[in-house]
Every structure is written in structure tokens, then in C-alpha cells.
Amino acid sequence: MNRVLLNNVDHHAMKVAILSGAAFGDCANQLPVFPSEFQELQREFAIVFRRNDDGIDAYVLLGLDRDENLFLGEHGWTSRYVPAIQRRGPFSIALARPDPGGAPANTDLMIHVDLDDPRVGDPDGLPLFLDHGGNAPYLDEAGAVLTVIFEGMQTARAINAELEAAGLLKPVTMQIDLDDETQYEVPDLLTVDPQALAELSGDALERLHRSGLLHAATMAACSLGNIPELIARKNRKRAAP
């Protein structure tokens, strides 16, 4: 990995290809996601939660077997929305380091690019900068995706902890039956309990509504209706020659 600060002088002619696949981390049966994505995600994916050492994180279910992404086809993702963690491509984000002389650090988010990523420098890729030096549309989009990730990493665990404190997350072991002989078990999950969501009232309901967390919880609960589509994709894969 060779991350450098992106700028329109050294990298004015750089192009980056939009590619996906195992080499770029797309072949995973679960990917981490952030609450600001829930509205888009719930249209296609099941959103679940897991308790990790440092807190509770949200994920989307993409497959049932190890390294299986049922939303990844021969020519890329087949879903209308791709989780931000994968849409960022070869880019990452960081804050400026504090000035050694004691001056306040620049708090602007800066974009870094991994020069070792095979998508970087592809002549058939998209430009990052316009001829006159401004950002090309692809770089603006990458910046927006990185902001989703950065802000999500600052706030997601606190949001998920609030959902648990409100009694909305319940532990489940998901049982998925493909047919009479083929079953999958996905253990150690937390999901938003629709009944607990419907029974919210009083101060708890008002607090979640005012903070916007009620919307996030509702989106996560609705997303579980996508499990039949996940099963259908798995069965189509099994039936393919």
C-alpha cells in the first residue's frame, strides 16, 4: 500500500478505473455499513447488527457462504446501491496532522489515493481533475462517499448503542431454508425488533424521533423483508450451470 495525499498538481492527469471483484474486497458475505446509508440500503439488502469488542456495528447480508457476494455479477455489482465502504475505491480520508510548531491543525478532510491499487493509472479509467484543475465529477463523488464513511465512523456506534438502550435490538440466530435439505444458520446477530419498535411510546419515542434514530431503526427493521430476495439469488446461483 502506497497512500499519498491527492492533489491537482502531481496527479492532474491521473485516471482511476471503476472495477470490482475479489481483488478489491467485494467478495464478502457481509459488509459494514453506516446509519446514513440505511434508507438506500433497505431497498435491497437485509441490515443486521453484530456486537464487537468495541461496540455494536451494522452490516448488510450479501451471501450465505464464506466470501460470497450474491449481488456481485460478472460485470460488477448488480444492486442499485453499493455500500460506501466499497464505493470509495482506492481512496481514503484523513485529517491534517497537528503543526509541530503548535499552530492549530487544519481540520479539513483530505483525500489520499493508494498508488499501488491496480485501478489507479488505468488509461481507460475516469479522470480525477478537469483540464483547468477543478475536481472531475468522479472525484467529487468519491469525496462524498468518504465523508459518509468518516462521519459514520465517528457516530455509528453511539447510534447503535442508543438503539440497544431503547430495547430495539434483539439477539437472533437467523435460520434460512433454501429447500427441504439445505439450511443455513447465521448466528450472533442483532436485528431491530418490529414489535419493540411498534410499542415505543412516551419519552423514548419522542427522543428517538427528534434525534432521527427512529427513522434509522424503521429502515433497518424494514430491510429484513429483503431476505427472500437473498434466498432467491442463492437459489439462482445454485441452479446455474
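The model shown is predicted, which means the values in this text are computed figures rather than measured ones.
Of all heavy-atom pairs between Asp124 and Asp122, the closest is N-OD1, 2.8 Å. Nearest heavy atom pair, residue Leu31 against residue Trp77, reads CD1-CH2, 3.8 Å. For Leu163 against Ala217, the heavy-atom pair with the smallest separation is CD2-CB, 3.9 Å. Between Ala84 and Tyr81 the shortest heavy-atom distance is N-OH, 4.2 Å. Listed here is the closest heavy atom pair of Leu41 and Pro83: CD2-CG, 4.2 Å. When all heavy atoms of Ala136 and Leu130 are compared, the closest pair comes out as CA-CD2, 3.9 Å.
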Q. Run the side-chain contact (heavy atoms from CB on, under 4.5 Å) check on Tyr138 and Ile18 step by step: do they pass?
A. CA-CA 10 Å; Tyr138 177 43; Ile18 301 177; 4.1 Å; yes
Q.
Using side chain to side chain donor-acceptor pair (under 3.5 Å), reason through Thr182 and Asp179 one step at a time and then give a plain yes or no.
A. CA-CA 5 Å; Thr182 309; Asp179 54 39; 3.1 Å; yes
Q: Give the C-alpha distance, both sets of side-chain angles, the deciding distance and a yes or no for side-chain contact (heavy atoms from CB on, under 4.5 Å) between Cys27 and Leu72.
A: CA-CA 8 Å; Cys27 293; Leu72 188 65; 3.8 Å; yes
Q: Report the C-alpha separation of Asn69 and Asp26 in whole Å, then their side-chain angles, then the decisive distance to 0.1 Å, and conclude whether the side chain to side chain donor-acceptor pair (under 3.5 Å) test is met.
A: CA-CA 7 Å; Asn69 183 347; Asp26 293 292; 5.5 Å; no
Q. What do the steps show when you test Ile85 against Val33 for side-chain contact (heavy atoms from CB on, under 4.5 Å), and what is the final call?
A. CA-CA 7 Å; Ile85 203 74; Val33 294; over 6 Å; no
Q. Can you check side-chain contact (heavy atoms from CB on, under 4.5 Å) on Phe91 and Val16, steps first, answer last?
A. CA-CA 10 Å; Phe91 305 106; Val16 173; 4.1 Å; yes
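The side chain to side chain donor-acceptor pair (under 3.5 Å) analysis of residues 157-169, with sequence neighbours excluded, yields the pairs Arg51-Glu164, Asp57-Arg157.
Residues Val113 and Leu115 form a side-chain contact, since some pair of their non-hydrogen atoms from C-beta on lies under 4.5 Å apart. Counting only heavy atoms from C-beta outward, the side chains of Asn29 and Val186 never approach each other to under 4.5 Å. You'll find the side chain of Lys234 reaches within 4.5 Å of the side chain of Asp65, heavy atoms only. A 4.5 Å side-chain heavy-atom check between Leu230 and Phe71 finds at least one atom pair inside the cut-off.
Other residues, nucleotides and ligands contribute over 12 non-hydrogen atoms within 6.0 Å of the CG atom of Asp116. Other residues, nucleotides and ligands place more than 12 heavy atoms under 6.0 Å from the CD atom of Gln175.
Atom CG in Leu205 sits 11.0 Å away from atom CZ in Arg210 (nearest 0.5 Å). Leu168 CG to Leu197 CG: the interatomic distance, rounded to the nearest 0.5 Å, is 6.0 Å. Rounded to the nearest 0.5 angstrom, Glu141 CD and Arg87 CZ are separated by 6.5 Å. In this structure, CG on Leu213 lies 5.5 Å from CG on Leu208, to the nearest 0.5 angstrom. Here CZ of Arg88 is found 12.5 Å from CZ of Phe24. Values are rounded to the nearest 0.5 Å. Distance check: Arg50 CZ to Leu190 CG gives 9.0 Å after rounding to the nearest 0.5 Å.
Side-chain atoms of Ser223 come within 3.5 Å of backbone N or O of Ile47 as a donor-acceptor pair. Side chain of Glu151 to main chain of Val148: no donor-acceptor pair is present (N/O by atom type, distance under 3.5 Å, no hydrogens or angles). One N or O on the side chain of Glu37 and one on the backbone of Phe34 form a donor-acceptor pair closer than 3.5 Å. Panel note: side chain Asn52, backbone Asp54; no donor-acceptor pair is recorded below 3.5 Å. Side chain of Glu68 to main chain of Leu64: a donor-acceptor pair is present (N/O by atom type, distance under 3.5 Å, no hydrogens or angles).
With respect to Glu229 and Arg236, a salt bridge is recorded, a charged nitrogen being found less than 4.0 Å from a carboxylate O.
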Show every donor-acceptor pair shorter than 3.5 Å between a side-chain atom in residues 1-14 and any protein atom, with sequence neighbours excluded, or say none if there are none.
unit_1: Asn7; atom_1: OD1; unit_2: Val9; atom_2: N; d: 3.0
unit_1: Asn7; atom_1: OD1; unit_2: Asp10; atom_2: N; d: 2.7
unit_1: Asn7; atom_1: ND2; unit_2: Asp10; atom_2: OD2; d: 3.1
unit_1: Asn8; atom_1: ND2; unit_2: Gly133; atom_2: O; d: 2.9
unit_1: His11; atom_1: ND1; unit_2: Asn7; atom_2: N; d: 3.1
unit_1: His11; atom_1: ND1; unit_2: Asn7; atom_2: O; d: 3.3
unit_1: His12; atom_1: ND1; unit_2: Val9; atom_2: O; d: 3.0

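Cluster annotation: Leu70 and Ile176 are assigned to the same hydrophobic cluster (Ile/Leu/Val/Met/Phe/Trp/Tyr, side-chain heavy-atom contacts under 4.5 Å, transitive). A single hydrophobic cluster is seen to contain both Val172 and Phe45, as judged by linkage of ILVMFWY side chains at heavy-atom distances under 4.5 Å, directly or through other members.
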